[in-house]
Number of protein chains: 2
Amino acid sequence: MAIPQVDALVFDVFGTVVDWRTSVADEGRMLGKTKGITADWEAFADAWRGKYQPFMSKVRSGELPWTKLDMLHRMGLDEVLTEFGITSLTEDEKIDLNRAWHRLHPWSDSVPGLYRLKAKFILGTMSNGNIALMTNMAKFAGLPWDCILGAEVAKAYKPDPKTYLTGAELLDLPPERVMMVAAHQNDLLAAQKVGLKTAFVPRPLERGAGNSPDLTPDPSFDVVATDFVDLASQMGA
Amino acid sequence: MAIPQVDALVFDVFGTVVDWRTSVADEGRMLGKTKGITADWEAFADAWRGKYQPFMSKVRSGELPWTKLDMLHRMGLDEVLTEFGITSLTEDEKIDLNRAWHRLHPWSDSVPGLYRLKAKFILGTMSNGNIALMTNMAKFAGLPWDCILGAEVAKAYKPDPKTYLTGAELLDLPPERVMMVAAHQNDLLAAQKVGLKTAFVPRPLERGAGNSPDLTPDPSFDVVATDFVDLASQMGA
């Protein structure tokens, strides 16, 4: 495949750059130990993440006004705690547990790959996470973003075309000079539809070792890479 | 002075972090050499910068709709070229000269100071420059921002209170946990008025060695530092 000529790479973050499932489950487990709560914390993480799309759909449809992801995470947390019968957390503990999404660990190739890519390209987030969440996570995980784009600056959640197009516009670049990097094919296809280039980096462990998702890449993607270090090599960075 | 307890430092950029006057004059001089144009390029830089406030005032007053700084710079450039009798530039050369603002050189203490501060604080821009301008300048000058805040994300030009308050809100921080860093006292006073902490870093050479501006700091500032390295020391970073 010829390398697409782009100036900026923009990244899906949850699942693509960071391992949300292990990180959230570990935070739950630590809190559980302190509080004497027993639970399947991986299932807890999955259930919490499962609230993500339905809540964003409410924003997309207008049922909810614009609401930042931190707040949607909190609304999801309250539901999941009820479903798991966890009733002993204080308000401060809930606030802190909700911030687990600010403390997600990167996949092992993410930071080295991003540093190589940063020398050649503008690197931005194209996540549904809000600016505070993305900024705190970058400090926590050492992610060297040049800028935070995505849902909050566009006031629209992916896969709304507005999210991708606002990002390109804020970079003052035509969409075809921007490449979307994601582990999720629907995200890439939505970006591609409005003119962005696409790089697929499958993350087979996103939902744990017990899952075997179909990761056969759509043939339309410009680049398919095994991880971020491979992506850097393929992009000549 | 006791060190203010803050989580984030947000920075004025033109004049505070980068030396716009020397950088723009040098770009003009280089272009002039290529094109055989003689001019006082420092005066050219001053005149161009002089268009900045009047154009922003038109946006603040509603006479112009929201317009990003790159575009205001371009409108100013067209006027200044006319005033200096420079008529031989092609459209591509004008576009490139306008991007001189994306290629400003930092003061010598800026990058080392920012790296020390970055280890302890969130560092954001609180500039009237748009996201593309700030992002490209950061790549060019090696400025390690964690996030780009300021006028474009707020759709309001400083010293509008909305610019500062939107930045704090996007960081999910109360204004008093954010410190504004600037070489311009009016910027600091406007930030202070809406609750931000303030650090004054005078830049006596901003308008050239021939100027001797009154840099006596307002006694209300929380920190006064000689440069960014001193600021890092004072902030315990």
Side-chain angles (χ1 to χ4, degrees), chain A residues 7-10 66-71 73-74 95-96 98-99 101-102 114-115 117-127 129-155 166-174 177-178 237, chain B residues 7-10 66-71 73-74 95-96 98-99 101-102 114-115 117-127 129-155 166-174 177-178 237:
Chain A
D7 301 301
L9 270 56
V10 295
W66 172 256
T67 307
K68 59 174 80 179
L69 193 64
D70 272 334
M71 185 56 66
H73 276 152
R74 177 54 197 268
I95 289 171
D96 188 62
N98 201 50
R99 299 267 283 201
W101 295 94
H102 295 219
L114 288 174
Y115 269 95
L117 289 162
K118 186 179 170 83
K120 187 167 175 183
F121 302 101
I122 294 167
L123 303 186
T125 60
M126 185 57 73
S127 164
N130 48 292
I131 293 177
L133 195 173
M134 286 294 120
T135 302
N136 291 336
M137 185 202 294
K139 301 292 274 190
F140 177 85
L143 308 172
W145 306 123
D146 292 309
C147 55
I148 309 293
L149 303 169
E152 195 171 28
V153 293
K155 296 273 188 290
T166 301
E169 190 203 326
L170 289 171
L171 291 175
D172 201 20
L173 292 173
R177 301 292 301 185
V178 180
Chain B
D7 301 301
L9 269 56
V10 296
W66 173 255
T67 308
K68 59 174 79 179
L69 193 64
D70 271 333
M71 185 57 64
H73 277 151
R74 176 54 197 266
I95 289 171
D96 188 61
N98 201 49
R99 299 266 286 200
W101 296 95
H102 294 217
L114 288 174
Y115 269 96
L117 289 162
K118 187 180 169 82
K120 185 166 177 183
F121 302 101
I122 294 167
L123 303 186
T125 61
M126 184 60 69
S127 165
N130 47 291
I131 293 178
L133 196 172
M134 286 293 120
T135 302
N136 291 336
M137 184 201 294
K139 300 292 274 189
F140 177 85
L143 308 173
W145 306 123
D146 292 309
C147 55
I148 310 293
L149 303 170
E152 195 171 29
V153 293
K155 296 272 187 292
T166 301
E169 191 202 326
L170 289 171
L171 291 175
D172 200 20
L173 292 173
R177 299 293 300 185
V178 179

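Labels below follow one simple rule: chain letters A, B, ... track the order of the sequence lines, proteins then strands, and each chain is numbered from 1.
Contact between Lys68(B) and Glu169(A) at its shortest, heavy atoms only, is NZ-O, 3.2 Å.
Note that CD1 of Ile131(A) and CD1 of Ile122(B) are 11.5 Å apart. Values are rounded to the nearest 0.5 Å. For the atom pair Leu149(B) CG and Thr135(A) OG1, the distance stands at 7.0 Å (nearest 0.5 Å).
Not a single donor-acceptor pair under 3.5 Å links the side chain of Lys139(A) to the backbone N or O of Lys120(B).
At a threshold of 4.5 Å between non-hydrogen side-chain atoms, the residues Asp172(B) and Leu133(A) do not count as touching.
Neither the backbone nor the side chain of Asp7(A) comes within contact range of chain B; no heavy atoms are under 4.5 Å apart. Using a 4.5 Å cut-off between heavy atoms, Ile148(A) contacts chain B through its side chain alone, with no backbone atom that close. Proximity to chain B involves both the backbone and the side chain of Lys118(A), based on heavy atoms less than 4.5 angstrom apart.
With sequence neighbours excluded, the residues forming a side chain to side chain donor-acceptor pair (under 3.5 Å) with Arg74(A) are Asp78(A), Glu91(A), listed by chain and number. Scanning for side chain to side chain donor-acceptor pair (under 3.5 Å) contacts around Asn130(B) gives Asp70(B), with sequence neighbours left out.
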